[in-house]
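For the numbers below, each heavy atom of this structure counts, side chains included, while hydrogens, waters and symmetry mates do not. These numbers were taken from a predicted model, which means no experiment stands behind them.
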Amino acid sequence: MTFESWYIEQFRGTLGETLSESEGIPDSIIDSLLDGRQIPEAMRAYYRVAGNHWLNTNHNQLRPLGSLEFVDGYLIFMDENQVVVQWAIRDLDLAVDDPIVYQGQHRDSGYEWHAEKYTFSRFMIAMWRWILTGEDPG
């Protein structure tokens with residue numbers, strides 16, 4: 001199963017709706033916004049099928065592709081709704097298809113990073129399930 005089909009299946013099961021074509025971002029636009037930067041396949045596939053979905057900005061904010069930012073060797077892709085924490089992928093893992101997500105908390109001395117228990121694909125769906133239900137999807 002591809003990442004795209006898995007995301008589509010998860011959205012259908014979580015929201016009871018099918019993703020529309022307009023909720024995704026075409027590869028040509030993704031490539032233009034990334035301007036030669038590499039992202040993991042699971043991340044690219046998510047933006048491809050759901051990058052414009054309302055859940056991406058409903059609470060925690062998935063960053064638009066043009067706003068992805070490298071800090072301390074991590075590519076930040078999501079901000080917590082009050083920007084207390086951010087989520088990222090280590091730049092060393094950008095070539096991995098579905099890398100582990102890290103949570104970063106900004107401290108006076110810089111960021112403090114901790115691995116989440118999810119890879120990118122699982123993290124995205126777990127995040128949206130938590131936002132919709134308030135339950136830890138474990």
**Report entry** Sub-4.5 Å side-chain heavy-atom contact between I39 and F120
**Finding:** no

Query raised in the report: So if you build clusters from Ile, Leu, Val, Met, Phe, Trp, Tyr with side-chain heavy-atom gaps below 4.5 Å, do L55 and M43 land together?
Result: yes

Report task. May I ask you to test the M127-H59 pair for a side-chain heavy-atom distance under 4.5 Å? Result -> no

Query raised in the report: Has the side chain of S5 got a donor or acceptor atom that lies under 3.5 Å from a matching backbone atom of T2?
Result: yes

Query - Q61 side chain to T57 backbone, donor-acceptor under 3.5 Å - result: yes

Query raised in the report: Do H114 and E116 have side-chain atoms, one donor and one acceptor, less than 3.5 Å apart?
Result: no

Requested in this report: Indicate whether any N or O donor in one side chain lies under 3.5 Å from an N or O acceptor in the other, for Q10 and R12.
Outcome: no

Query raised in the report: Are any non-hydrogen side-chain atoms of I29 and L65 less than 4.5 angstrom apart?
Result: no

Query raised in the report: Do H53 and W128 have ring centres separated by under 6.0 Å?
Result: no

Query - Short side-chain to backbone donor-acceptor contact, N81 and N60, under 3.5 Å - result: no

Query raised in the report: Checking R129 side chain against A126 main chain: does a donor-acceptor pair fall under 3.5 Å?
Result: no

Query raised in the report: Is W87 reachable from L92 through a run of I, L, V, M, F, W or Y residues, each pair having side-chain heavy atoms under 4.5 Å apart?
Result: no

Report summary line: All heavy atoms of F3 vs all of A45, minimum pair found to be CB-CB, 3.5 Å

Query raised in the report: Where the side chain of D98 meets the backbone of A42, is there a donor-acceptor pair that is under 3.5 Å apart?
Result: no

**Report entry** Electrostatic pair D27-R44, nearest N-O below 4.0 angstrom
**Finding:** yes

Query raised in the report: Which pairs pass salt bridge (Lys or Arg N to Asp or Glu O under 4.0 Å) with one or both residues in residues 81-91, sequence neighbours excluded?
Result: R90-D93

Report task. Output every pair passing side chain to side chain donor-acceptor pair (under 3.5 Å) with a member in residues 69-79, not counting sequence neighbours, ordered by first then second residue. Result -> R63-E69, R63-D79, D79-Q86

Query raised in the report: Which pairs pass salt bridge (Lys or Arg N to Asp or Glu O under 4.0 Å) with one or both residues in residues 52-61, sequence neighbours excluded?
Result: none

Report task. Fit a plane to each ring of F11 and Y46, take the angle between them on a 0 to 90° scale, and name the class: parallel (under 30°), tilted (30 to 60°) or perpendicular (over 60°). Result -> tilted

